[in-house]
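One structure is given below, encoded as structure tokens.
All values reported here derive from a predicted model rather than from experimental measurement. Per chain, numbering begins at 1; letters A, B, ... match sequence-line order.
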Amino acid sequence: MARKYVPEEIETKWQKVWEDEETFVTPNPEPGAVPVGKGSDATYVLEMFPYPSGSAHMGHVKNYTMGDVIARFRRHQGQRVLHPMGYDAFGLNSENMAIKTGEPPAKFTEEAIATINRQLRRLGVSIDWTREVVTSRPEYYKWTQWLFLQLYKKGLAYKKEAPVNWCPSCQTVLANEQVVDGACERCDSPVEAKKLTQWFFRITDYAERLLQDFDKLESWPERVVTMQRNWIGRSTGADVVFGIVDDEAGAAGDETGAAREDLKVTVFTTRPDTLFGATFFILAPEHPLVEGLVSGTSCEEEVKRYVAKAINTSAIERASVEKEKTGVFTGRYAVNPVTGGKIPIYVADYVMMDYGTGAIMAVPGHDERDFAFAQKYGLEVIEVIDTPAEFKDADGRLTAAYPGDGVLVNSGRFNGLSKAEGIVKVTEWLKERGKADFAVNYKLRDWLVSRQRYWGAPIPIVYCEKCGEVPVPHEQLPVLLPEITDYAPKGKSPLAAAEHWVNTKCPVCGGSARRESDTMDTFVDSSWYYLRYVSARRDDVAFDRAAVDYWLPVDQYIGGVEHAILHLMYSRFFTKVLYDLDLVGFEEPFRRLFTQGMIYYRGAKMSKSKGNVVSPDEMVAKYGADSVRSYVLFMGPAESDAEWNDQGVEGVYRFLGRVWRQVTDAIDEGLLRAAKTAPAWDPAALSSAERALLVKTNQVIEKTTVDIGERFRFNTALSAIMELSNDIGAVRTSGLRETPSGRSVLAFALKMMVRLLEPFAPHMGAELWGMMGHEAVWDASWPEADSRFLTDETIELAVQVNGKVRDRVVVAQDASAEDVLAAVKELPGVVKYLEGMTLVKEVVVPGRLVSLVVK
RNA sequence: GCGGGUGUGGCGGAAUGGCAGACGCGCAUGAUUUAGGAUCAUGUGUCUUUGACGUGGAGGUUCGAGUCCUCUCACCCGCACCA
């Protein structure tokens, strides 16, 4: 008697089998057993590892299911698949819990890991758990610290004073990500800028390679590449040196004025061609020259007041484009290096200290911002690029800045050049005179990695009274996090208060020393975890080179687009550094990247505060893992956002129930007792109904293979399998089961349906495949479509006359165009439209349609 | 402002330049059932229905356009005084 479909029963059964038999454990090849380099049989499928806050959500379910479908599919194709899992376990969630409760963050972290671990196993994700990594455990962060030291030795990790985000209420430094609209994410107080000495990684050294190596990627979403490109923000132009002179009256600055004539300020500009139109000069309020320039002048008071105000204005407010431009005159002048003319120097907060040199030449005629400033302060505007009339008033004066292309005018010897020529010629002319050079500028800043936080990897540096800054030697790693009781930050890292830990001995001279008390940004942990998986249990190396060479780079990386910039760019940077250190043999870690869309519910992103969360646990309990897995991929294209629909998951559950019944009923009828291998059908001996089902089955094999393997269109793969199920259902009452060949076709269709569905619904796949008398569906090779049965013998073509479908014609699949046309011209629906007309064109699209044009 | 993307039934969505709406949800009718649920069958873009119209809008290319080109509107995402 057919068993009822009880997902929980079969799912827990197979999950236990997979666990007990270590089905998905994939060891590294024995040393020497494989050729050096990436294994031709090796595939690395990786999903971004979760941050363990509480429990897994539907986004995780989608992410890990997608990876699992691909991993299972590749295994069926004969690949050895590395499909590991781990936890990005350092970070603020557990730390904030610790601050609130006084209990150690490790406790919350490990609890969350246990929960997510259980959830992933309950979903039947085929993971090699022997490779699990947890970034907050000493056996992992030992190697994070080791990597820090590799960068340190290369001069890529360094300290400098830098402004950071400071929350006065929480008494702590915040990461940029924790600053939301200029306010603290946790308490909403406005964030202040504070100068602190911080550790940085010199990612700017790699800016050019990070841009160039996009060419080395096989398949990344264009928008991710674009976002990174914009973030790196390369622009080309020139550094131009301006001299500074005293004001003509010389009243206030007489005594020091002489010295200032030698003073030089460099600006970066993308438009050296407009230099003749530079009518004033601006310094950022934070520019180091400002104070000296104005000291003792009549402008001093006003400038100092302005600077103080600008520095106290929040970054968000100051960066607002809508804000009216403001500035103050310094009483000093710069010398335009091409005209020799004196131009006034202003201080204005629309010039930022952290881009370029913090000083600009202002060309109001051809820069909108400079134009607005010139208007407000009555400064001269000169047209130096021939400007279209719509930018001018009746007198020919500019009414708006013209930033476009044009011919140079009012520019002396350079008149008549194009914008592009002007950029080159003006720079070259100045370069010969030592006043400029070609320059490239990036928006990318060095990566600030120190955090004044407890729950992170300690930076492995000690400060010795005698030897200064000393890296912790390899043998002394890991620098363990000390156990403390008060996790609340008080302006510096909670670690700084752990005196017994901070006080240590200098590794060089043995004298008394103090440990660095800052910890590393958690993005450091996640920038190399994909390497650790290959050697997760090794305690003598971070990763084994031969194993890395065999498995990496990652063939398919899958995750959310929210990591488009930070995580993905930091990982690319790390890989390049490791390549330069000859620790890995490739420069890009992720060959193919897939960014999945988010799951919404009731019109919004799921969140606990909105109370619109769909719990994976509840859904799995109600419908089973197979249904939840299948539904998250059936919702729509995996890369698009999609809205969770309670009835949608029910529909998929019904579909799986139908598959279950179709197969179990067939087994009860003895239909599947047929031979275990596919019979070699004789095309000529098949009835049309048999052939139709056989063709459908082969078409679905073909489509599913392409949809999973090449297109990542899981929704259409599932649709196709549903169609197959519908067709199987439709022959239930037909005569198909009355003949041996009919029964064998039906049995074949049922088997293929189970096989094709298995990556999505692996438990049902294992159960039904077993009930059919086979073993270990997860090891079976992927079905291949039989090209003899991909099309039917006859096909129906639509017949168009002047673009409108007027009739249909059934012809042999391989009929010639002549035969088709001859048949078409007999059709009553066509004859009607041909009468009294002249046939001017005939188009036959094989397998599609026929199109006739008449006049 | 700059960059990227998306617009198709009541809903999610499908469609190498070739019969728009596959598949699923929902809905309707029927069968089964004491009833409900489940299951099965049939139907389901719109309209003034012998036919016409339909993929945000307007043009264009083509025998043929959701798909390619030009312009335009709406929404979403990223960056944003980047010199």
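Figure legend: A:Arg572 and A:Phe214 shown as a cation-pi pair, the cationic atom lying under 6.0 angstrom from the six-membered ring centre and within 45 degrees of its axis. A:Lys325 forms a cation-pi arrangement with A:Tyr350, by the criterion of a distance under 6.0 Å to the ring centre and an angle within 45° of the ring axis.
Note: CZ (A:Phe712) to C1' (B:A14) measures 20 Å, nearest angstrom. When rounded to the nearest whole Å, the span between CZ of A:Phe634 and P of B:A22 equals 12 Å. Atom-to-atom, NZ of A:Lys841 to P of B:U62 comes out at 10 Å; the value is rounded to the nearest Å. Rounded to an integer number of Å, the gap from A:Met353 CE to B:C81 P is 16 Å. In this structure, OH of A:Tyr631 is placed 10 Å from P of B:G13, rounded to the nearest angstrom. For the pair A:Asn645 CG and B:G24 C1', the interatomic distance rounds to 10 Å; values are reported in whole Å.
Screening residues 716-726 of chain A for side chain to side chain donor-acceptor pair (under 3.5 Å), with sequence neighbours left out, gives A:Arg658-A:Ser725, A:Arg658-A:Asn726, A:Gln662-A:Ser725, A:Lys696-A:Glu723, A:Asp707-A:Thr716, A:Arg711-A:Thr716. Among residues at least two apart or in separate chains, side chain to side chain donor-acceptor pair (under 3.5 Å) pairs with a member in residues 270-279 of chain A are A:Arg271-A:Asp273.
In this structure, of B:A83, B:C63, B:C23, it is B:C63 that holds the atom nearest to the side chain of A:Ser851. Distances from the side chain of A:Asn726 to the nucleotides B:G4, B:C25, B:G24 place B:G24 closest. For A:Glu723, taking side-chain heavy atoms from C-beta onward, the closest of the listed nucleotides B:C25, B:A83, B:A22 is B:A22. Ranking B:A83, B:C77, B:G26 by closeness to the A:Gln647 side chain, first place goes to B:G26.
Residue A:Gly651 is in sugar-phosphate contact alone, with no base atom involved, counting any heavy-atom pair closer than 4.0 Å across all strands shown. A:Thr226 comes within 4.0 angstrom of sugar-phosphate atoms only, judged by non-hydrogen atoms across all strands, and of no base. Within 4.0 Å (heavy atoms only), A:Arg711 reaches sugar-phosphate atoms of the nucleic acid but no base atom.
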For nucleotides 19-21 of chain B, tabulate all protein N/O to nucleotide N/O atom pairs closer than 3.5 Å, reporting atom names and distance.
| unit_1 | atom_1 | unit_2 | atom_2 | d |
| --- | --- | --- | --- | --- |
| B:C19 | O2 | A:Arg808 | NH1 | 2.7 |
| B:C19 | O2 | A:Arg808 | NH2 | 2.3 |
| B:C19 | N3 | A:Arg808 | NH1 | 2.8 |

Table of protein N/O atoms under 3.5 Å from nucleotides 36-39 of chain B N/O atoms:
| unit_1 | atom_1 | unit_2 | atom_2 | d |
| --- | --- | --- | --- | --- |
| B:U39 | O3' | A:Arg661 | NH2 | 3.3 |

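Taking the six-membered ring for Trp, A:Phe714 and A:Phe634 have ring centres at least 6.0 Å apart. Aromatic ring centroids of A:Tyr653 and A:Tyr631 lie 6.0 Å or more apart. Between A:Phe594 and A:Phe712, the gap from one ring centroid to the other is short of 6.0 Å. In this structure, A:Tyr377 has its ring center at least 6.0 angstrom away from the ring center of A:Phe280.
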Heavy-atom contacts, protein to nucleotides 42-55 of chain B, under 4.0 Å, summarised as B (base), S (sugar-phosphate only) or - (none) per nt, yield ----------SS--
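A salt bridge does not link A:Glu643 to A:Arg602: none of the charged nitrogens lies less than 4.0 Å from a carboxylate oxygen.
Ring geometry, A:Trp447 versus A:Tyr570: the interplanar angle falls under 30°, so the pair is classed parallel (tilted spans 30 to 60°). Under the 30°/60° scheme for interplanar angles, the aromatic rings of A:Phe391 and A:Tyr402 are found to stand perpendicular.
For B:A14, the OP1/OP2 oxygens have a side-chain nitrogen or oxygen of A:Asn715 closer than 4.0 Å. The shortest distance between the side-chain N/O atoms of A:Ser235 and the OP1/OP2 oxygens of B:A83 is below 4.0 Å.
Stretches of at least 3 consecutive Watson-Crick or G-U wobble pairs, with each checked distance under 3.5 Å, appear in RNA chain B as B:1-7 with B:73-79, B:10-12 with B:23-25, B:26-31 with B:39-44, B:45-47 with B:51-53, B:56-60 with B:68-72.
Ranked by how close their nearest RNA chain B nucleotide is to the 5' end, A:Ala720 and A:Val850 are led by A:Val850. Judged by closest nucleotide on RNA chain B, A:Pro637 is the one of A:Met722 and A:Pro637 placed further toward the 5' end.
No donor-acceptor contact under 3.5 Å links the side chain of A:Lys443 to the base of B:C79.
Other residues, nucleotides and ligands contribute over 12 non-hydrogen atoms within 6.0 Å of the CD atom of A:Gln699.
A syn base is found at B:G9: its glycosidic angle is within 90° of 0.
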